[in-house]
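Whatever order the structure lists ligands and atoms in, that order sets their numbers, starting from 1.
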Amino acid sequence: VAAKFFQALGNAGINVRAIAQGSSERNISSVIDGNQATRALRAVHSSFYLSHQTLSIGVIGSGLIGATLLDQLHQQAERLRKDFHIDLRVRGILTSKNMCLGEPQIDLRHWRDPLKAGTKPDWEKFLAHIQPDHLPHSVLVDATASDELPERYAGWLEKGFHLVTPNKKGNSGTLEMYRTLQKVARAHNRHYLYATTVGAGLPVINTLRDLVQTGDEVRSIEGVLSGTLSFIFNSFNAQKKFSEIVREARQKGYTEPDPREDLSGMDVARKLVILAREMGLPLELKNIEVENLVGERARGGSVDEWLSRLPEEDGAMEALRTKAASANECLRYVGSIQPGGKSAVQLRHIPKDQPFATLSHSDNMVIFRTARYHQQPLIVRGPGAGPEVTAAGVFADLLRLTAYLGGKA
Ligand SMILES: NC(=O)c1ccc[n+]([C@@H]2O[C@H](COP(=O)([O-])OP(=O)(O)OC[C@H]3O[C@@H](n4cnc5c(N)ncnc54)[C@H](OP(=O)(O)O)[C@@H]3O)[C@@H](O)[C@H]2O)c1
């Protein structure tokens with residue numbers, strides 16, 4: 001009981017100044033700062049299931065993923081409260097243009113209008129509102145593709161926020177940034193969760209972590225890691241032009257905000273970097289050989305300009321496709337990591353009887369070959385992009401966080 005009591009205070013960042021336990025072992029007293037009393041009481045009550053496990057949430061970005069997450073949180077809120085005593089409170093939403101805050105929380109039935117009518121983003125106000133004195137746990141969800149926000153992650157963790165994100169830019173930035181984030185999260189007893197940065201809602205990072213932490217030796221990882229490129233090459237056939245399929249992938253919400261991120265191979269390369277670092281390899285983006293599918297002249301300019309010129313690429317892509325088809329092969333964009341060897345992202349010709357050739361829709365497939373999985377590899381396969389599955393993966397990280405904090409999920 002004492003362990004649970006003090007763990008709950010510790011998780012909520014409450015400084016314990018004095019402790020006394022009666023010899024009857026029927027009471028524990030502790031002295032804390034008066035201004036942390038409500039927060040401490042909530043933390044302790046919820047850890048013994050005497051009240052709900054409350055999480056104050058700030059969502060940054062209300063694009064495809066952010067919006068879908070907010071709708072999913074709304075749909076599940078009642079069930080989580082009733083069945084699991086979890087109270088997930090979205091208290092703020094912030095985008096690059098607007099911000100809205102809610103007390104005690106934003107009514108998620110109607111978050112779009114207040115956000116549209118909201119004020120200009122004010123980070124100081126936003127962070128203070130997500131971390132009020134009376135709530136024990138606060139989490140920020142970075143649902144943007146920004147490469148500026150990850151620069152702030154360490155500061156947020158130091159201030160006591162937990163962090164959940166599908167944004168790859170932090171963990172695939174410099175190795176120094178990756179290591180700093182892991183170190184700061186550990187030092188401040190905060191959780192930094194990013195399961196959706198590889199494979200969207202699929203259990204790729206968590207599977208790899210389980211292999212590594214239980215002492216398996218990972219010999220290679222190969223993967224079709226981009227839902228967008230998987231969809232594009234799985235749908236590419238004699239009836240459809242390459243440029244038409246790229247547009248369709250964008251309309252379905254599979255692509256990055258700028259689809260050139262996918263076609264350049266950078267998105268897959270970032271995912272490889274994240275997987276490599278989870279394996280303990282000190283890999284930087286520059287160490288990965290990347291085959292860029294965006295022609296040099298098409299790399300600048302706006303997304304719309306590029307899309308209007310994309311049909312110019314159709315001829316070259318069709319030639320590649322027919323060459324593969326005539327050898328009973330298909331095209332797949334594959335990333336691979338070989339510890340001690342080279343890591344690369346390339347368009348490969350895959351024989352029709354190989355696992356990657358069986359992919360359909362926007363499926364991802366990751367093949368782990370390890371000391372334990374050497375006769376047959378461990379394969380994770382399924383939809384690896386799209387707002388519903390990605391937002392659900394972020395949601396699952398939020399529930400994982402409440403479980404780490406002592407909730408029932
Ligand atoms: N789509 C998928 O299947 C998938 C799968 C796995 C991971 N992801 C990742 O999920 C993240 C979100 O993707 P998305 O498709 O939802 O992107 P999106 O539709 O472009 O939405 C991005 C949102 O972030 C906001 N934003 C951008 N920069 C910001 C900043 N500096 N400060 C505050 N807000 C900012 C934008 O606000 P404004 O509209 O005001 O500019 C917008 O609301 C990305 O990192 C992506 O890589 C996506």
Side-chain angles (χ1 to χ4, degrees), residues 58-72 90 92-101 111-112 115-127 130 140-153 156 163-173 193-205 223-232 248-264 266-271 273-275 302-303 361-364 366 382-397:
V59 176
I60 307 161
S62 67
L64 271 180
I65 306 302
T68 311
L69 173 69
L70 289 164
D71 292 336
Q72 289 181 353
V90 176
I93 307 172
L94 183 146
T95 69
S96 56
K97 301 177 201 81
N98 291 74
M99 169 177 98
C100 78
L101 306 175
W111 61 267
R112 287 175 175 84
L115 180 63
K116 219 182 276 166
T119 57
K120 277 201 166 149
D122 176 336
W123 279 100
E124 212 174 309
K125 229 170 150 181
F126 180 76
L127 295 179
I130 305 304
L140 295 173
V141 178
D142 173 13
T144 75
S146 160
D147 39 20
E148 289 154 26
L149 294 186
E151 304 280 345
R152 304 179 185 214
Y153 288 178
W156 292 340
L163 191 55
V164 170
T165 187
N167 184 351
K168 291 168 275 289
K169 303 282 169 63
N171 280 350
S172 62
L193 305 175
Y194 43 83
T196 48
T197 54
V198 182
L202 297 177
V204 176
I205 290 188
V224 168
L225 290 164
S226 158
T228 313
L229 293 177
S230 180
F231 175 82
I232 289 173
E248 196 182 330
R250 189 164 186 245
Q251 274 155 11
K252 285 185 187 290
Y254 294 152
T255 68
E256 287 295 308
D258 182 343
R260 282 173 292 187
E261 276 264 318
D262 301 292
L263 287 161
S264 68
M266 281 319 287
D267 180 62
V268 179
R270 284 186 187 284
K271 289 171 180 166
V273 166
I274 295 171
L275 291 178
S302 74
V303 176
H361 305 287
S362 67
D363 280 2
N364 278 19
V366 186
E388 288 292 330
V389 292
T390 307
V394 176
F395 194 168
D397 264 349

How far is atom 39 (O) of ligand 1 from its nearest protein heavy atom, and which residue and atom is that? Lys97 NZ, 3.6 Å
Under 3.5 Å, is there a donor-acceptor pair between the side chain of Asp262 and the main chain of Leu229? no
Which of the atoms of ligand 1 are close to Gly386, meaning less than 4.0 Å from one of its heavy atoms? 2 (C), 3 (O)
For atom 31 (N) of ligand 1, what is the closest protein heavy atom, and at what distance to 0.1 Å? Ser146 OG, 3.9 Å
Mind running side-chain contact (heavy atoms from CB on, under 4.5 Å) on Phe126 and Ile60 for me, showing each step along the way? CA-CA 10 Å; Phe126 180 76; Ile60 307 161; 4.0 Å; yes
Can you list the atoms of ligand 1 that are under 4.0 Å from a heavy atom of Lys168? 7 (C), 47 (O)
Does Ser62 have a non-hydrogen atom less than 4.0 Å from ligand 1? yes
The protein heavy atom nearest to atom 5 (C) of ligand 1 is Thr390 OG1, 3.2 Å
Which distance, rounded to the nearest 0.5 Å, do you find between the NZ of Lys168 and the OH of Tyr194? 14.0 Å
Among protein heavy atoms, which sits nearest to atom 32 (N) of ligand 1, and what does the distance come to when rounded to 0.1 Å? Leu149 CD1, 4.1 Å
Partner of Thr165 by side-chain contact (heavy atoms from CB on, under 4.5 Å), out of Leu193, Leu149, Asp142: Asp142
Between Trp123 and ligand 1, does any nitrogen or oxygen pair lie at a separation below 3.5 Å? no
First locate atom CD of Glu248, then atom CD1 of Ile232, and finally report the distance between them rounded to the nearest 0.5 Å. 10.0 Å
Option with minimal heavy-atom separation from atom 15 (O) of ligand 1, where the choices are Asn98, Leu64, Leu69, Thr196: Leu64
Considering only the protein, which heavy-atom contact is closest to atom 40 (O) of ligand 1, and what is its distance? Ser96 OG, 2.8 Å
To the nearest 0.5 Å, tell me how far Leu64 CG sits from Glu388 CD. 10.5 Å
Would Arg112 and Ile93 count as a side-chain contact (heavy atoms from CB on, under 4.5 Å) if you check the C-alpha gap in whole Å, the side-chain angles of each, and the deciding distance to 0.1 Å? CA-CA 10 Å; Arg112 287 175 175 84; Ile93 307 172; over 6 Å; no
Heavy-atom proximity to atom 45 (O) of ligand 1, picking from Ile65, Thr197, Thr144, points to Thr144
Is the side chain of Ser230 donor-acceptor paired with the backbone N or O of Asp363 at a distance under 3.5 Å, no angle test? yes
What atoms of ligand 1 come within less than 4.0 Å of a heavy atom belonging to Ala145? 44 (C), 45 (O)
Would Val164 and Val394 count as a side-chain contact (heavy atoms from CB on, under 4.5 Å) here? Give the steps. CA-CA 7 Å; Val164 170; Val394 176; 3.7 Å; yes
Atom 42 (C) of ligand 1: closest protein heavy atom, distance to 0.1 Å, is Gly63 N, 3.8 Å
Under 3.5 Å, is there a donor-acceptor pair between the side chain of Lys271 and the main chain of Thr197? no
Identify, for atom 17 (O) of ligand 1, the protein heavy atom at the shortest distance, and state residue, atom and that distance. Pro257 CG, 3.7 Å
Check ligand 1 against Leu94 and write out every atom of the ligand that is under 4.0 Å from a heavy-atom position of the residue. 33 (C)
Heavy-atom donor-acceptor pair, Asn167 side chain to Pro150 backbone, under 3.5 Å: no
Under 4.0 Å, heavy-atom basis, I'd like to know which part of Ile60 is in contact with ligand 1: side chain, backbone, both or neither. side chain
Pull out every atom of ligand 1 sitting under 4.0 Å from any heavy atom of Thr95, numbered as shown with elements. 33 (C), 34 (N), 37 (O), 40 (O), 43 (O)
What protein heavy atom lies closest to atom 9 (C) of ligand 1? Include the residue and the distance to one decimal. Pro166 O, 3.4 Å
Main-chain N/O of Gly386 paired with Thr390 side-chain donor or acceptor, under 3.5 Å: yes
Taking 4.0 angstrom as the limit and counting only heavy atoms of Gly61, give me the atoms of ligand 1 inside it, by number and element. 23 (C), 24 (O), 25 (C), 43 (O)
Going by distance only, is there an N or O of Thr255 that falls short of 3.5 Å from an N or O of ligand 1? no
Check whether any N or O atom of Pro387, backbone or side chain, sits under 3.5 Å from an N or O atom of ligand 1, and answer yes or no. no
Could you pull out, from Ser226, Ala143, Gly66, the option with a heavy atom nearest to atom 22 (C) of ligand 1? Ala143
Checking side-chain contact (heavy atoms from CB on, under 4.5 Å) for the pair Glu148/Lys169: CA distance, chi angles, key distance, verdict? CA-CA 9 Å; Glu148 289 154 26; Lys169 303 282 169 63; over 6 Å; no
Donor-acceptor contact below 3.5 Å, side chain Glu261 vs main chain Met266: no
Can you check whether Ala385 has an N/O within less than 3.5 Å of an N/O in ligand 1? no
